Amino acid sequence: MLRYIARGSGGYKIGVFDPRSGSHETLYSVKSGTLLALRCPSRSYEFFALLETQSAGKKTSSVLVLSEGNTTNELFQLPGAISAIQASPDGMFIYYIMSKTVYCFDRSNGLHQILAEKAGDLLEISPCGQWLMTNPAGLAVCPSGGGRLKQIISAPGIAEFTWSIRGQIAVISHMNGHSEIWLFRVDDEVVG
């Protein structure tokens, strides 16, 4: 099943496409607001979306939890703009960046915790769920349980990055009108 966000004349929707049957199903739609991110943890039947709304010039960010049984619930709502979200592989922890700070929302107790400060505006979680990576003037990582960010690359202009299944990092960097792709391994010695 492929999950996606689509924008149309009626607003935004989250849909599911079944490549075997070719069928599409709309799981959630919104006329006012913007769906900014969709995260599908590897070991969870639920998935998560970031919804941003604006009223009277003030932004509000909501993190939604969806399932293919057509249920949608709001996990939490905060005043201001969340720039990125991720979820632990089991979906029990939601990580997000707000005002250059990495937070963790624990679904078991409903608490928000600061994990690291001076983050960038992008966030990725390692396949094992142990590391969070962000882009403050390069790349930095911290344990998903919290701790200081450790700079692993100093290179402004990193626009995209992702972890491979084997824990390697692929980086797309845009500098001086050129794009570069880097691939390297991060192990416990580098980030520990």
Side-chain angles (χ1 to χ4, degrees), residues 1-116 119-129 131-135 144 159-163 165 172:
M1 302 294 260
L2 302 173
R3 301 172 184 111
Y4 60 88
I5 293 176
R7 180 180 177 191
S9 59
Y12 286 84
K13 74 174 183 177
I14 296 174
V16 174
F17 171 69
D18 183 347
R20 290 178 295 196
S21 68
S23 65
H24 290 266
E25 181 182 358
T26 298
L27 299 178
Y28 178 77
S29 62
V30 62
K31 292 183 180 180
S32 61
T34 305
L35 287 166
L36 297 172
L38 185 62
R39 299 293 177 246
C40 305
S42 60
R43 295 189 311 258
S44 174
Y45 292 106
E46 298 174 314
F47 48 104
F48 305 90
L50 175 60
L51 173 65
E52 186 177 276
T53 55
Q54 190 160 348
S55 178
K58 295 184 179 182
K59 288 183 181 178
T60 301
S61 296
S62 300
V63 173
L64 309 173
V65 58
L66 300 97
S67 70
E68 290 174 21
N70 269 343
T71 60
T72 303
N73 293 304
E74 184 178 80
L75 283 180
F76 61 89
Q77 184 182 81
L78 298 169
I82 292 176
S83 60
I85 65 167
Q86 282 297 328
S88 62
D90 64 2
M92 289 307 298
F93 299 96
I94 306 301
Y95 305 100
Y96 61 96
I97 294 179
M98 186 175 237
S99 302
K100 304 294 183 187
T101 301
V102 180
Y103 293 88
C104 175
F105 174 74
D106 184 339
R107 293 180 65 192
S108 67
N109 59 24
L111 297 177
H112 298 259
Q113 173 188 356
I114 293 176
L115 296 184
D121 56 357
L122 301 175
L123 187 64
E124 288 289 335
I125 188 166
S126 64
C128 64
W131 303 102
L132 294 169
M133 184 169 38
T134 185
N135 62 329
S144 60
E160 297 176 50
F161 52 86
T162 189
W163 295 86
I165 292 172
I172 298 175

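Everything numeric here is computed off the predicted structure, so don't read it as measured data.
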Between L50 and S61, is there a side-chain heavy-atom distance shorter than 4.5 Å? yes
So do Q113 and D106 actually touch side chain to side chain, heavy atoms under 4.5 Å? no
Testing the basics here: between [X] and [Y], what is the closest heavy-atom pair and its distance to 0.1 Å?
X: S88; Y: P41; value: O-CB, 3.3 Å
X: E52; Y: A81; value: OE1-CB, 3.7 Å
X: F48; Y: G91; value: CZ-O, 3.5 Å
X: I94; Y: A87; value: CD1-CB, 3.9 Å
X: T53; Y: G33; value: CG2-CA, 3.9 Å
X: V102; Y: A119; value: CG2-CB, 3.6 Å

Return the [atom1] to [atom2] distance between [X] and [Y], rounded to the nearest 0.5 Å.
X: L132; Y: L115; atom1: CG; atom2: CG; answer: 6.5 Å
X: F105; Y: F93; atom1: CZ; atom2: CZ; answer: 11.0 Å
X: L64; Y: T71; atom1: CG; atom2: OG1; answer: 11.5 Å
X: S144; Y: W131; atom1: OG; atom2: CH2; answer: 8.5 Å
X: K13; Y: L35; atom1: NZ; atom2: CG; answer: 12.0 Å
X: Y28; Y: L51; atom1: OH; atom2: CG; answer: 5.0 Å

Measure from the side-chain N and O atoms of [X] to the backbone N and O of [Y], and report whether any donor-acceptor pair falls under 3.5 Å.
X: N135; Y: D121; result: yes
X: T134; Y: L122; result: yes
X: Q86; Y: L123; result: yes

Apply side chain to side chain contact (heavy atoms under 4.5 Å, CB included) to residues E46 and R107 and explain how you reach the verdict. CA-CA 13 Å; E46 298 174 314; R107 293 180 65 192; 2.7 Å; yes
Just do the side chain to side chain contact (heavy atoms under 4.5 Å, CB included) check on H24 and Y4 with the steps written out, would you? CA-CA 10 Å; H24 290 266; Y4 60 88; 3.1 Å; yes
Check the pair Y96, F76 against ring pair (Phe, Tyr, Trp, His ring centres under 6.0 Å), reporting the backbone distance first and the verdict last. CA-CA 12 Å; Y96 61 96; F76 61 89; 5.2 Å; yes
Derivation of the side chain to side chain contact (heavy atoms under 4.5 Å, CB included) call for F47 and L27: CA-CA 11 Å; F47 48 104; L27 299 178; 3.2 Å; yes
Identify the residue among L38, V63, L36 that makes a side chain to side chain contact (heavy atoms under 4.5 Å, CB included) with I85.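 When L38, V63, L36 are each tested with I85, the side chain to side chain contact (heavy atoms under 4.5 Å, CB included) holds only for V63.
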